[in-house]
Amino acid sequence: MAGLSDRGALRELLEWLHDRYNRPEFIPDDPVAVPHRYTGRADREIAGFFAATIAWGSRPTIVRNGHRLMRYMDDAPADFVRNASERELAGLGAFVHRTFNGGDARDFVLALRRIETLYGGIGSFFESRYAAVGDLPAVFADFRREFFAADHAPRCEKHLSSVERGAACKRLCMYLRWMVRCDDRGVDFGEWRTIPASALRLPLDVHAGDMARALGLLSRRQNDWRAVEEVTAALRTFDADDPVRYDFSLFGAGIGGYLKD
């Protein structure tokens with residue numbers, strides 16, 4: 001498929017796929033199921049951050065390991081981040097998801113604890129920094145610098161991409177989609193109300209990139225931050241206020257086999 005030349009047909013397809021996949025039935029088999037275990041904002045923030053962090057590879061494995069990591073945190077992730085003892089932190093040592101291991105999990109907990117102490121939580125950090133600079137890539141860069149200001153093993157830095165180095169930052173973009181977007185569908189949480197959905201960027205990975213190119217939404221061949229900006233700009237022409245809602249459409253197009261045409 002070389003892209004849909006009829007803009008009206010493309011809009012119709014994007015809207016149809018969005019409506020089909022942005023619904024509660026989507027949740028159990030997606031990493032967003034992990035923060036959906038909880039009702040409190042702080043628990044959702046922490047659970048969502050960890051679920052997004054390990055969101056690469058097989059979706060069933062991601063979901064299964066995300067739930068398992070929450071059990072290591074006694075199913076109370078916010079309390080664990082704030083109060084876990086050295087013995088409890090050591091209990092994370094048995095966790096592994098691909099190259100993200102228990103040591104990485106421990107360093108991430110302590111980094112989040114520092115963010116909690118200094119800013120009142122990860123959501124408070126993102127909302128206050130966005131209010132200050134009004135630019136999401138700049139907020140991503142500030143967050144990564146602040147996150148790794150805590151003591152940590154250098155190896156864990158690979159698990160939080162750097163927008164300043166041109167990375168697509170797929171997992172951070174996905175996490176922000178979960179926490180910022182607010183509609184009546186019940187998939188995303190809309191917890192961070194002071195960041196507008198219009199500021200979000202598409203979570204771009206290999207599959208989303210291939211689908212965006214097939215639909216004529218992306219010309220850049222690399223899946224990097226420049227590609228993220230290009231495809232998000234294309235999606236803004238269909239919905240300037242909430243372009244990333246079409247993340248569901250690209251996912252749905254992949255599930256529907258549109259690349260096989």
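What you see is a predicted model; the values in this text were computed from it and never measured. Just so you know, residue 1 is the first one in the sequence shown, and it goes up from there.
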Q. Just wondering, do E15 and D239 contact through their side chains at under 4.5 Å, heavy atoms?
A. no
Q. Got a sec: does the CZ of R11 have more than 12 other heavy atoms crowding it under 6.0 Å?
A. yes
**Q.** Nearest-0.5 Å distance, CG of residue L110 to CG of residue D151
**A.** 8.5 Å
(Q) Using only atom types and a distance under 3.5 Å, with no angle test, would you say the side chain of H97 pairs donor to acceptor with the backbone of I54? (A) yes
Q: Please say which of R221, R226, R220 ends up in a salt bridge (charged side-chain N to carboxylate O under 4.0 Å, His left out) with D224.
A: R220
Q.
Can you tell whether the side chains of E127 and R193 come within less than 4.0 Å, N to carboxylate O?
A. no
Q | Heavy-atom side-chain contact between V244 and P203 under 4.5 Å | A | yes
Q: Begin with the C-alpha distance, continue with both residues' side-chain angles, and end with the deciding distance and a verdict on salt bridge (charged side-chain N to carboxylate O under 4.0 Å, His left out) for R37 and D75.
A: CA-CA 9 Å; R37 295 168 72 105; D75 257 327; 2.6 Å; yes
Q: For the residue pair Y175 and W192, categorise the inter-ring angle as parallel (less than 30°), tilted (30 to 60°) or perpendicular (more than 60°).
A: perpendicular
(Q) Given 3.5 Å as the limit, does a donor-acceptor pair link the side chain of D188 with the main chain of C182, or not? (A) no
Q | Gap between atom CE of M174 and atom CZ of R171 - 0.5 Å precision | A | 8.5 Å
Q: State, with a plain yes or no, whether a side-chain heavy atom of L235 is found less than 4.5 Å away from one of D247.
A: no
Q. Would you find a donor on one side and an acceptor on the other, under 3.5 Å apart, between the side chain of K170 and the backbone of S161?
A. no
Q.
Can you confirm whether V34 sits close enough to L69 that some side-chain heavy atom of one is under 4.5 Å from a side-chain heavy atom of the other?
A. no
Q. With hydrophobic residues grouped by side-chain heavy-atom distances under 4.5 Å, do M73 and V63 end up in a single group?
A. no
Q: Decide yes or no on side chain to side chain contact (heavy atoms under 4.5 Å, CB included) for R68 and N65, but give the supporting numbers first.
A: CA-CA 5 Å; R68 186 163 63 92; N65 284 340; 3.3 Å; yes
Q. Counting N and O atoms only, with roles assigned by atom type, does the side chain of R114 sit under 3.5 Å from a partner on the main chain of E146, one being a donor and the other an acceptor?
A. yes
(Q) Counting C-beta onward and ignoring hydrogens, is there a side-chain heavy-atom pair between N101 and D104 closer than 4.5 Å? (A) yes
Q) So, are D183 and R245 salt-bridged, with charged N and O less than 4.0 Å apart? A) no
Q | From CA spacing to verdict: side chain to side chain contact (heavy atoms under 4.5 Å, CB included), F140, C173 | A | CA-CA 9 Å; F140 280 4; C173 289; 3.8 Å; yes
**Q.** T53 OG1 to F49 CZ distance, which is reported to the nearest 0.5 Å
**A.** 4.0 Å
Q: Taking atom CG of N83 as the centre, report whether more than 12 heavy atoms of other residues, nucleotides or ligands fall under 6.0 Å from it.
A: yes
(Q) Check for me, please, whether V96 and L92 land in the same ILVMFWY cluster - side-chain distances under 4.5 Å, paths through other members count. (A) no
Q) Within the side chain of R144, is there an N or O that forms a donor-acceptor pair under 3.5 Å with the backbone of E157? A) yes
Q) Is any side-chain heavy atom of P31 closer than 4.5 Å to a side-chain heavy atom of W178? A) yes
Q | R181/D242 ion pair, N-O < 4.0 Å | A | yes
Q: Mind checking the OG-CG spacing from S198 to L136? Nearest 0.5 Å is all I need.
A: 10.0 Å
Q) Does R20 reach the side chain of F248, with side-chain heavy atoms less than 4.5 Å apart? A) no
Q) Looking only at atom types and distance, does a side-chain atom of T232 sit under 3.5 Å from a main-chain N or O of L202, one as donor and one as acceptor? A) yes
Q. What is the ring orientation for Y119 with F125, classed by angle as parallel under 30°, tilted 30 to 60°, or perpendicular over 60°?
A. perpendicular
**Q.** Where M70 and A47 come nearest, the two heavy atoms and their spacing
**A.** SD-CB, 3.6 Å
Q.
Testing the basics here: between P28 and A33, what is the closest heavy-atom pair and its distance to 0.1 Å?
A. O-CB, 3.8 Å
Q. Side chains of E229 and W225: is there a donor and an acceptor less than 3.5 Å apart?
A. yes
Q) Looking at Y130 and P196, what are the two nearest heavy atoms and their distance? A) CE2-CD, 3.5 Å
Q: May I ask you to check whether F50 and F80 place their ring centers less than 6.0 Å from one another?
A: no
**Q.** Parallel, tilted or perpendicular: ring planes of F95 versus Y72, cut at 30 and 60 degrees
**A.** perpendicular
Q: Taking R41 for its side chain and E191 for its backbone only, find out whether a donor-acceptor pair lies under 3.5 Å.
A: yes
**Q.** Within-4.5 Å side-chain heavy-atom neighbours: V32 and V187
**A.** yes
Q) If you round to the nearest 0.5 Å, how far is CG of L204 from CG of L250? A) 9.0 Å
Q. Any Lys/Arg nitrogen of E164 or R145 sitting under 4.0 Å from an Asp/Glu carboxylate oxygen of the other?
A. yes
(Q) Rounded to the nearest 0.5 Å, what separates atom CZ in R98 from atom CD1 in I62? (A) 8.0 Å
Q. Any idea which heavy atoms bring G252 and L17 closest together, and the distance?
A. C-CD2, 3.8 Å
Q: Take H159 and T99 through the test side chain to side chain contact (heavy atoms under 4.5 Å, CB included) and record every step on the way to the result.
A: CA-CA 9 Å; H159 295 300; T99 63; 3.3 Å; yes
**Q.** Pair R82 + D79: basic N to acidic O under 4.0 Å
**A.** no
**Q.** Derivation and outcome, side chain to side chain contact (heavy atoms under 4.5 Å, CB included), residues H207 and D210
**A.** CA-CA 5 Å; H207 304 294; D210 288 347; 5.5 Å; no
Q | Exercise: identify the closest heavy-atom pair between S58 and P60 | A | OG-CD, 3.1 Å
Q) Do you reckon V206 sits in the same ILVMFWY cluster as L218, going by side-chain contacts under 4.5 Å, direct or chained? A) no
Q.
Under a 3.5 Å distance rule, please check whether R23 uses its side chain to pair with a backbone N or O of D19 as donor and acceptor.
A. yes
Q. Which class fits the ring pair F148 and H152: parallel under 30°, tilted 30 to 60°, perpendicular over 60°?
A. tilted
Q. L200 and R236: which non-hydrogen atoms are nearest, and at how many Å?
A. O-NH2, 3.8 Å
